[in-house]
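Sequence lines set the chain letters: A, B, ... in the order given, protein chains first and strands last, and positions in each chain run from 1.
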2 protein chains.
Amino acid sequence: MEKGLVKPKPKTKLKDVAKATGFSENTVSLALRGSPRLPESTRDLILRAAEELNYFPNHIARSLANNATRTIGLVLTDIMNPTLTLAARTIERELTKAGYGMMFAASDTSVESEKRALLRFQSYQVDGILVYPAHHRKFDHIVAVAEAGTPVLLLAELRGSGLDTVAIDDMAGAYKVACHLLGLGHRRIAMLDGGFMSGNDDKRRGIRRAIRQAGLPANTLIVHNAKGTSATQGYRMMPAVMADPNKPTALVASTDALATGALRWCGENGISVPGQMAIAGYDNTEVSEFSVLPLTTVNYAADEISRIGVARILHRLENKEARLPAETQLIEPELIVRATT
Amino acid sequence: MEKGLVKPKPKTKLKDVAKATGFSENTVSLALRGSPRLPESTRDLILRAAEELNYFPNHIARSLANNATRTIGLVLTDIMNPTLTLAARTIERELTKAGYGMMFAASDTSVESEKRALLRFQSYQVDGILVYPAHHRKFDHIVAVAEAGTPVLLLAELRGSGLDTVAIDDMAGAYKVACHLLGLGHRRIAMLDGGFMSGNDDKRRGIRRAIRQAGLPANTLIVHNAKGTSATQGYRMMPAVMADPNKPTALVASTDALATGALRWCGENGISVPGQMAIAGYDNTEVSEFSVLPLTTVNYAADEISRIGVARILHRLENKEARLPAETQLIEPELIVRATT
DNA sequence: GTGAAAGCGCTAACAC
DNA sequence: GTGTTAGCGCTTTCAC
């Protein structure tokens with residue numbers, strides 16, 4: 001008989017274990033959950049029987065009875081973004097450790113599909129939701145979820161949302177890169193701004209602050225707006241960047257991918273990096289620990305915010321009644337220097 | 001009053017909509033699911049009321065009643081592997097399109113945690129499970145899940161498992177790289193074998209086949225066993241590779257990361273790539289579409305197998321009674337040539 | 001120490 | 001067309 005054709009055995013239920021041991025469903029349920037109300041003898045007896053019958057609890061039924069699923073939903077914009085991949089991994093690990101399951105959805109930076117994902121999660125009755133938001137100003141639907149009673153935690157700052165947040169301080173990160181470049185003597189810095197997410201405003205501000213602090217004129221920074229964050233975009237932007245008669249000597253990209261594209265363009269156009277042009281990325285992802293590329297970058301500590309974020313939301317769940325106020329926590333990222341010349 | 005402190009409104013239930021409209025729960029339920037048995041008038045009335053009360057169904061209760069969760073579990077070894085990241089993304093997209101939710105778990109290539117993840121998914125009553133297996137010979141626990149009645153689909157071949165499979169034909173992929181290198185005239189080819197997953201045996205076999213077909217001696221291939229698949233590993237292996245008095249002129253790594261490490265080593269040791277040493281990767285991931293690196297690589301079509309895999313498992317679910325036999329489908333990957341010199 | 005009964009929110013079978 | 005009833009598998013009073 002072929003394996004694919006075997007009739008599946010009916011699943012063992014609490015009732016079956018009850019019948020097998022002669023105890024009531026109730027007692028079996030208590031035993032399986034290790035209630036101290038039962039004497040060891042009965043507990044062992046029941047556990048052994050359950051083991052033998054290959055019983056495992058129906059989590060759905062339990063969830064319905066408990067009004068809690070021990071499941072957390074994660075909404076990311078795009079898991080292909082290496083930073084968010086790392087976040088997803090860390091979050092999954094932490095949740096598993098804590099005995100929680102994780103549901104996953106991607107918004108693809110579409111507010112509409114973010115909305116759908118949130119609704120789906122609400123319907124699934126997840127106990128809490130972690131969100132890397134799709135848009136930095138359209139977030140009413142996220143707030144609505146929190147107000148409806150599902151704890152929400154943001155993994156990127158959404159100013160004015162009033163939601164629990166654990167995120168990277170992008171202003172501090174960009175400030176660090178800028179200080180680094182200025183320290184190397186650069187006096188014309190171009191920025192490749194990937195646009196649209198709130199973080200980028202902060203990045204620009206961080207750079208500006210460093211320039212002001214160094215006592216340099218505001219036009220030390222030349223901002224170029226990329227319509228995207230991909231390597232291809234970075235590559236395409238370069239002619240415009242270099243068209244400036246007063247060419248920049250350093251470049252800050254708002255993502256590593258953009259930086260990679262810029263790097264390629266320089267390679268193809270005989271501009272040595274970092275000799276003639278310093279290039280800095282952001283995220284420390286495309287550019288891995290073991291990078292072959294001469295890119296200095298900001299380490300977006302996705303694992304750290306994930307760990308803290310998970311701890312925060314679980315803590316909130318365990319103190320459902322305590323009504324903890326929302327809180328925003330920003331992590332300052334490190335600069336990773338890979339090219340100093 | 002602070003937002004975090006607002007008392008959550010109680011959720012609207014079927015009963016509430018029933019009361020509000022004067023119909024029975026049953027009728028409301030039918031209306032919400034668009035039953036044709038109801039006249040449009042009542043349906044509209046009910047839908048409007050539900051809308052107003054901000055009703056959305058409790059998926060947990062529905063699942064319990066239906067004995068189906070419309071949820072699929074995905075078990076990956078490690079989502080940081082870019083190939084699997086892509087798989088995760090594609091799978092999530094396809095499932096969402098089909099109206100399914102996705103639970104996610106990582107095994108970190110530990111059979112034990114793979115086992116735990118499968119158990120958890122069974123307990124959560126997922127309708128089906130997609131698995132990128134942790135080990136190529138220990139899979140009894142996976143088979144057990146299938147036999148217990150939860151449809152399982154493998155994303156990598158597990159010979160002898162008898163389980164439904166949609167996977168990449170690694171033998172064909174490796175054969176292609178080898179043919180390419182041999183065609184360029186290489187006569188000493190080293191392989192950096194990342195070990196442990198079944199695919200690698202196939203990769204070795206594929207290369208050997210190409211060599212045999214070209215009428216070259218078996219010792220054209222020199223296999224080096226890396227204890228891992230990271231860039232760091234690739235870097236560390238290189239001295240051993242180059243210690244051979246009869247140095248190889250080409251290198252096939254079993255992952256792109258390994259290849260990247262090798263590339264870095266060559267760079268630091270004054271060996272030009274691909275001039276003095278051709279390097280080929282595998283997966284087409286570290287090495288993205290827009291790569292700056294001179295690495296030819298095999299395109300592990302994770303998105304394709306994911307799409308097909310999801311379609312297959314959903315099809316199986318929709319024909320639960322049909323008892324379709326298990327089937328193995330192998331996709332032949334393309335070679336992406338980035339360095340020909 | 002253990003059991004009986006009610007209920008979590010929904011769907012399905014069968015009345016009317 | 002619509003309502004009634006029973007039940008999904010578990011937990012939780014509250015008796016005994």
For A:K15, check side-chain contact (heavy atoms from CB on, under 4.5 Å) against everything at least two apart and list the hits. A:K19, A:E25
Could you write out DNA chain D as dot-bracket? Rules: Watson-Crick or G-U wobble, both distances under 3.5 Å, brackets [ ] for crossings, | for pairs with another strand, dot for unpaired. ||||||||||||||||
Not counting sequence neighbours, which residues clear side-chain contact (heavy atoms from CB on, under 4.5 Å) with B:S107? List them please. B:V75, B:T77, B:S113, B:E114, B:A134
Tell me if a side-chain donor or acceptor on A:T21 pairs with a main-chain N or O of A:V17 at a distance below 3.5 Å. yes
Using side-chain contact (heavy atoms from CB on, under 4.5 Å) as the criterion, list what pairs up with B:P39, not counting sequence neighbours. B:S41, B:T42
N-O pairing of B:D78 and A:R89 below 4.0 Å: yes
Strand contacts (DNA chain C) in residues 44-56 of chain A, 4.0 angstrom heavy-atom criterion: none
Apply side-chain contact (heavy atoms from CB on, under 4.5 Å) to A:S306 and list each qualifying residue two or more places apart in sequence or on a separate chain. A:A87, A:T90, A:I91
Contacts of B:Y124 meeting ring pair (Phe, Tyr, Trp, His ring centres under 6.0 Å) (sequence neighbours excluded), chain-then-number -> A:H59
Give a yes or no on whether a salt bridge exists between B:R307 and B:E304, defined as a side-chain N under 4.0 angstrom from a carboxylate O. no
Check ion pair A:K11-A:D16 (N to O, under 4.0 angstrom): no
Please check this pair: side chain of A:T150 against backbone of A:G128, looking for a donor-acceptor N/O pair closer than 3.5 Å. no
For a quick test of your reading: what N or O donor-acceptor pairs under 3.5 Å do the side chains of residues 43-50 of chain B make, sequence neighbours left out?
residue, atom, partner, partner atom, Å
B:R43, NH1, B:S35, O, 2.9

Pair listing, ring pair (Phe, Tyr, Trp, His ring centres under 6.0 Å) test, anchored in residues 18-38 of chain B, at least two apart: none
B:T42 near the nucleic acid: base, sugar-phosphate alone, or nothing, with a heavy-atom cut-off under 4.0 Å? sugar-phosphate
Check for a donor-acceptor pair, side chain of A:T85 on one end and backbone N or O of A:T83 on the other, with a separation under 3.5 Å. no
B:E157 bridged to B:R159 by N-O distance under 4.0 Å: yes
Check DNA chain C against residues 25-41 of chain A and give the residues with a non-hydrogen atom under 4.0 Å, in numerical order. A:N26, A:T27, A:R37, A:P39
Can you give me the first and the last nucleotide of DNA chain D (5' to 3') that has an atom within less than 4.0 angstrom of a non-hydrogen atom in chain A? D:dG9 to D:dC14
Between which nucleotides of DNA chain C, read 5' to 3', does contact with chain B run, using atoms under 4.0 Å from its heavy atoms? C:dG9 to C:dC14
Determine, for B:D127 against B:R70, whether the closest basic-nitrogen to carboxylate-oxygen distance falls under 4.0 angstrom. no
